[in-house]
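All values derive from a computational prediction rather than experimental measurement. Atoms within each ligand, like the ligands themselves, are counted from 1 in listed order.
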Amino acid sequence: MGNKLTDLRDTRFILYEQLNVEELCEAPRFQDHSRETFEMIITAAEKLAVNEFEPVNSAGDKIGCSWQDGKVSVPEPYREPFKKFCEGGWMNMQEHESVGGQNVPFCLHYACNAMFFAANHSLAGYMGLTHSAAKVIELYGTEEQKRKYMMPLYEGRYAGVMDLTEAQAGSDVGAVRTRAVKNPDGTYSITGGKIFITGGEQNLTENIIHILLARIEGDPEGTKGLSCFVLPKIRVAADGTPGEVNDINCSGIEHKMGMKGSATAVLNFGDNGNCIAELLGPERKGIQVMFHMMNEQRILVGMQGMAQAGTAYLHAVDFAKERKQGAAFGRAGTEQAAIIAHPDVRRNLLWMKAYTEGMRALIFYTMYCMDWETVTLNKDEKQKWHDLVEILTPICKAYCSDKGFDTCVKSIQVHGGYGYCHEYKVEQCARDSKITSIYEGTNAIQALDLFGRKIRMKKGVAFTALLNGMKATVGQARGVRDLSPYAAEMEKGITALEYLTTELLAATAEDDSFLAHSWASPYLEIVGDVVLGWMLIWQAVIAAKKIENSNGDENYYTAKILTAKFYASSLLPAVYGKILAIRKNDRSLLQMTDALFMQS
Ligand SMILES: Cc1cc2nc3c(=O)[nH]c(=O)nc-3n(C[C@H](O)[C@H](O)[C@H](O)COP(=O)(O)OP(=O)(O)OC[C@H]3O[C@@H](n4cnc5c(N)ncnc54)[C@H](O)[C@@H]3O)c2cc1C
C-alpha cells in the first residue's frame, strides 16, 4: 500500500512509460542522472513528505499564523521539516551545479514537488516562492546581488517573496503606486504598501528577500513604467554580513479560509523614510523580470491544484472501500456493502481518477517540454518546446486549479458528513486548494492570456503545434482496435475545438469582441477538457501495448484504459454542450447593463 499523498505508480508511469524521461539523461546537462538516481530522489522525497510535511499539516492548519507588533509567527511545527528540506538540497535540486543544484530534470523535480504540496500546501508554498526569487536573481541580478541574495535563498537561509499586489492593483498590475526614488549611491528609497504577500513576514528564516514591483519617480503610468527591485528585510553588506533592519512594517496578516499556516502579510514600506532597495534588471523592465517569477509560479500553482486533487482522490478511494452503507446495488436485503459498490460513488471515483491522472500527466508533460527546451541545441526544436510551454502554462494554471478544487469537493461528497469534518483531511484539501484559482493571476486573467494572446501568438503557430500533437496521438489510438471508437471521440473533440477557435477569433475582429471575450474562461475550460483527453488517450495507447506482458501490473493498465474510455465517452462530450452555448451567440449578456444587476 502506497502513501495517501500521491499515486507513485502513476507518477512512474508518466515519467518512464509515457514520457521516457531517461532519454533526457543523454543530454550533457542531465548526464549524471539515470533511472536509478531518479528513483533515489523520488523515494527520498516521499520519505520527507510522508514523515515530515504531512504530520504537521493539520497542526499547521489549526495553529495558523499569528501577528503581534509587526512580527509574524508561523506554526512552530513547521520549523523542523523546513530545516530538513533545506539541508536536503531540495530548494534548488533542479538548478545547475554552478549554483549548488543537482541538475535534476524539471519533470522529476515536479514529481517530488507534487508530494510536498499534497502533504502540506502552506509549508511547501514558502519554498516555492523562495526558489523563484533566487532564480530571478540568478537571471537578472548583478554578481554582487547573486552573492548576497541568490545563494542564501537557494540554501533556504533566506526566504523569497513576491510583492506585486496593492489594494488598487490586483489583476491590474499596472496600477501599482509603490514609488522608488534613486539615491546618490545607486540604491532606491521605497515608499508605499503591498497587500496579500505570501510569507511577507515570518520567523522561519534569517532574512526575507522581497522581489518588488515599484515605479521609479517620473516613470510613466501603467506596466511600462514599472521596475523590479530586491528589497531585503535585513540589509546585507557586500561581503554578506547582515546590517540594519530595513524600514518595512508588517501591519497585519489576513485571516483566510485555507492555507492557514501561510502568512499572508500587509506591508508598508518607508514609513520612516528609510526603506532601501536595489534595482533588479533594467529600469522600466520590471514586468519582463517579474514574468520569469510569475511563469514559474503559474505552473507551480496548477501543480498545487493537481496535488491536492491527487491526495483527496486517494483518501476518497480508501474511504469508499471502508465505509459501509446500504446493500450493494440490486441486492436489497443483504448485509451492508462498502459504498464503492454504489453506482454514484463509483462514478464519482472514476471522475476523480480521470481528472487527477490527466492533470498529473499535463503538468509533468509541461515540465518535460521545459526540460527539452533547456537542453536541446537545435534552434527550431528549442522554439517548438518553448511555444508548447507558453501555450500550456495558462491551461496548467487555470484548468488544474479549477478541476483540482472540484476534485477536492467531490472527495468531500464521497466522504458524506465525515468529509465536512476536520478529522478527515479532505475538507482542508478543498480549503487549501481554493486559492489556486485566485493567486498568480486569477483564472480569468489566465483565460485572457490564452484567448487574447497565446492562441494568436506567431499567427497561431503554437496552437497549431498543440493541435498537431493531439492529432498524432489520436492517430496512434485509432490503430489500437479496442481504443478506436474512443479515438474517434477525441478526434471529434479536437475538430470541434479547432472550429470554435476560428469562430471566436473571427468574432473578436468584428463588433462582437466584448461577447467573444466573455467566453474566454469557458473557452479555456474547453481547451483544458480536450487537452486532458489527449493525455488520457495517450496513456491508454501505452497501457494497451503493455498489458500483454504486464507481469502482475495488469490491473493498473486495465484501469488506465478504462479511465481513458470513460473520459472520452462520458466526460469529454460535455464540451459539445459548452461549445453549443457559445455558438448560440445569444446577446443577453450584452443587454444586461450594470443597472440591471442592481435590484435593491
Ligand atoms: C492567500 C493569498 C496569497 C497571495 N499571495 C500573493 C503574493 O505572494 N504576492 C502578491 O503580489 N500577491 C499575492 N496575492 C494576491 C493575488 O495575486 C490577488 O488576489 C489576485 O491577483 C487578484 O487580485 P485581487 O484580489 O485584487 O482581485 P481583483 O483583481 O479585484 O479581481 C476580482 C475579480 O475580478 C476579476 N477581474 C479583474 N480584472 C479582470 C479583467 N481584466 N478581466 C476579467 N476579469 C477580471 C478577477 O478574475 C476576479 O474574479 C495573494 C492573495 C491571496 C488571497
### Message
Under 4.0 Å, counting heavy atoms only: does K256 come that close to any atom of ligand 1?
### Response
yes
### Summary
Among non-hydrogen protein atoms, atom 8 (O) of ligand 1 lies closest to T198 N, 3.0 Å
#### Entry: Numbered atoms of ligand 1 (with element) below 4.0 Å of M162, judged on heavy atoms
7 (C), 8 (O), 9 (N), 10 (C), 11 (O)
### Message
Could you tell me, atom by atom, which parts of ligand 1 come under 4.0 Å of a heavy atom of I438?
### Response
20 (C)
### Query
Of all residues at least two apart in sequence or in a different chain, which pass the side-chain contact (heavy atoms from CB on, under 4.5 Å) check with D387?
Q383, M457, K458, V461, A462
### Task
Find all atoms of ligand 1 within a distance of less than 4.0 Å from any non-hydrogen atom belonging to I435, and give their numbers and elements.
1 (C), 2 (C), 52 (C), 53 (C)
### Summary
Short version for E440: what comes under 4.0 Å of ligand 1, heavy atoms counted, is backbone
### Query
Relative to atom 44 (N) of ligand 1, which among A520, A447, A444 owns the nearest non-hydrogen atom?
A444
### Query
For the residue pair F229 and Y188, does the interplanar ring angle fall in the parallel (under 30°), tilted (30 to 60°) or perpendicular (over 60°) class?
perpendicular
### Message
Under a 4.0 angstrom heavy-atom cut-off, which atoms of ligand 1 come close to T442?
### Response
22 (C), 46 (C), 47 (O)
## Note on the structure
atom 19 (O) of ligand 1 has as its nearest protein heavy atom F196 CD1, 3.8 Å
### Query
What is the nearest protein non-hydrogen atom to atom 15 (C) of ligand 1, stated with its residue, atom name and distance?
T165 OG1, 3.2 Å
### Task
Would you indicate whether the side-chain heavy atoms of M290 and M162 approach each other to under 4.5 Å?
yes
### salt_bridge(E217, R179) N-O dist < 4.0 Å
no
### Message
Below a 4.0 angstrom heavy-atom separation, can you tell me which part of L448, side chain or backbone, both or neither, approaches ligand 1?
### Response
side chain
### Message
Is the ring pair H131/Y154 parallel, tilted or perpendicular, if the boundaries are 30 and 60 degrees?
### Response
tilted
### Message
Quick test: of every protein heavy atom, which one is nearest to atom 28 (P) of ligand 1, and how far off is it to 0.1 Å?
### Response
S171 OG, 3.7 Å
#### Entry: M127 side chain reached by F116 side chain, heavy atoms, under 4.5 Å
no
### Task
Please check atom 50 (C) of ligand 1 for a protein heavy-atom neighbour under 4.0 Å.
yes
### Message
Any carboxylate oxygen within less than 4.0 angstrom of a Lys/Arg side-chain nitrogen, looking at D449 and R453?
### Response
yes
### Query
Do D61 and R431 meet the salt-bridge criterion of a basic N to acidic O distance under 4.0 Å?
yes
